[in-house]
Enquirer: 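For reference, the structure I am asking about is given below.
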Amino acid sequence: MRTLVIYYSFSGSTRLIAERIAAATGGRVLELEMQNPIPERGFGKFFRAGGQALMRSTPVLNPLAMQPAGYDLLFIGTPVWAGTLAPPLRTFLRDVELAGKAIALFCCHGGGGPSRTFAHLRKALAGNRVVSEIAFYDPRKHNTDTQIAEAEAWARQVQTSQDGG
Ligand SMILES: Cc1cc2nc3c(=O)[nH]c(=O)nc-3n(C[C@H](O)[C@H](O)[C@H](O)COP(=O)(O)O)c2cc1C
């Protein structure tokens, strides 16, 4: 089963999980990057990131390194920002037509849980089959090994279930 892991990450937690999912499933990775990225250092980052999240904005992305069209199973991951998906995912879902895919959702949060993230993603992904979802608590900082193991086991189980196995 051709598997693609699509994600955005600001501070690395979602990237960590995305890369382990790809390794566990033999999938490829597509990282969404803002054309005008938010600097990782300095206090201003919270204003920009928080403002984008609250405004439900759709920042311009760099051209995608690959297209999801040729893949059957997509893992889609985002950090939780202001209780929902991060803006680069919103841009991606607006601009890329996805239909008839099996999709597994994952998110990383800072202790507030997924809030409305999965509900909003499911709504934006109407016309596809969302087969599973899982949330992680800042895995770069908390219980890293345990959460990585959980992500790998989950990803394999999702893939096996879609293989019909
Ligand atoms: C602008 C912004 C808004 C955030 N909003 C929330 C939130 O509503 N709930 C929550 O639990 N964590 C929130 N967080 C924390 C992140 O979801 C959490 O640190 C996540 O693991 C970061 O993933 P990343 O390292 O892939 O960017 C927010 C972080 C930022 C920068």
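Every number for a ligand or one of its atoms is a count from 1 in the order of the listing.
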Enquirer: Nearest heavy atom to atom 26 (O) of ligand 1: which of P114, C107, S9 does it belong to?
Expert: S9
Enquirer: Looking at side-chain heavy atoms only, is the closest gap between R156 and E152 below 4.5 Å?
Expert: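 R156 reaches E152 side chain to side chain.
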Enquirer: Between P39 and R48, is any pair of side-chain heavy atoms under 4.5 Å apart?
Expert: yes
Enquirer: Taking side chain as C-beta onward, heavy atoms only, is I134 less than 4.5 Å from E150?
Expert: yes
Enquirer: Identify, by atom number and element, the atoms of ligand 1 in contact range of S11, meaning under 4.0 Å from any of its heavy atoms.
Expert: 22 (C), 24 (P), 25 (O), 27 (O)
Enquirer: Are any of the side-chain heavy atoms of Q162 and T3 separated by less than 4.5 Å?
Expert: no
Enquirer: Which ligand 1 atoms does G12 reach within 4.0 Å, using its non-hydrogen atoms?
Expert: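 Matching atoms, with element in brackets: 24 (P), 25 (O), 26 (O).
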Enquirer: Provide the number and element of each atom of ligand 1 under 4.0 Å from a heavy atom of G112.
Expert: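 Going through ligand 1 atom by atom, the ones under 4.0 Å from G112 are 10 (C), 11 (O).
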Enquirer: Are the side chain of S57 and the backbone of Q52 linked by a donor-acceptor contact shorter than 3.5 Å?
Expert: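 Yes, because the side chain of S57 sits within donor-acceptor range (under 3.5 Å) of the backbone of Q52.
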Enquirer: Within the structure, does S13 bring an N/O atom to less than 3.5 angstrom of an N/O atom in ligand 1?
Expert: yes
Enquirer: Of the choices G110, G83, A18, which has the non-hydrogen atom that lies closest to atom 10 (C) of ligand 1?
Expert: G110
Enquirer: Linking I/L/V/M/F/W/Y whenever any side-chain heavy atoms sit under 4.5 Å apart, do V96 and F75 land together?
Expert: no
Enquirer: Suppose I only count heavy atoms of T14 and a 4.0 Å limit; which atoms of ligand 1 are within that range?
Expert: 23 (O), 24 (P), 26 (O)
Enquirer: Tell me which part of A53 gets within contact of ligand 1: side chain, backbone, both or neither, using heavy atoms under 4.0 Å.
Expert: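 None of A53 does.
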Enquirer: I need the atoms of ligand 1 closer than 4.0 Å to a non-hydrogen atom of G50, numbered in the order shown.
Expert: 1 (C)
Enquirer: Are any side-chain N or O atoms of K101 and backbone N or O atoms of G127, one a donor and one an acceptor, separated by less than 3.5 Å?
Expert: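 Answer holds: no.
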Enquirer: So which heavy atom in the protein is nearest atom 23 (O) of ligand 1, and how far is it from that ligand atom?
Expert: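 Among all protein heavy atoms, the one nearest atom 23 (O) of ligand 1 is P79 CB, 3.3 Å.
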Enquirer: Given W81, Y7, F136, identify the one with the heavy atom nearest to atom 2 (C) of ligand 1.
Expert: W81
Enquirer: Which pair of heavy atoms, one from D138 and one from S13, lies closest together, and at what distance?
Expert: C-OG, 3.7 Å
Enquirer: Are any of the heavy atoms in G111 under 4.0 Å away from ligand 1?
Expert: yes
Enquirer: What protein heavy atom sits nearest atom 4 (C) of ligand 1, and how far away is it?
Expert: V80 O, 3.4 Å
Enquirer: Under 4.5 Å between any side-chain heavy atoms of L121 and T78, yes or no?
Expert: yes
Enquirer: Specify the protein heavy atom at minimum distance from atom 18 (C) of ligand 1: its residue, its atom name, and the distance to 0.1 Å.
Expert: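 Of the protein heavy atoms, D138 OD1, 3.3 Å lies nearest.
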Enquirer: Below 4.0 angstrom from a heavy atom of F10, which ligand 1 atoms are there? Numbered from 1 as shown, please.
Expert: 24 (P), 26 (O), 27 (O)
Enquirer: Between ligand 1 and C108, is the shortest N or O to N or O distance under 3.5 Å?
Expert: yes
Enquirer: Taking only residues at least two apart or on different chains, which pairs with a member in residues 106-117 satisfy salt bridge (charged side-chain N to carboxylate O under 4.0 Å, His left out)?
Expert: none
Enquirer: Is it the case that ligand 1 has an N or O less than 3.5 angstrom from some N or O of A82?
Expert: yes
Enquirer: Any pair with a residue in residues 1-19 that passes salt bridge (charged side-chain N to carboxylate O under 4.0 Å, His left out), sequence neighbours left out, goes on the list, sorted by first then second residue, please.
Expert: R2-D72, R15-E31
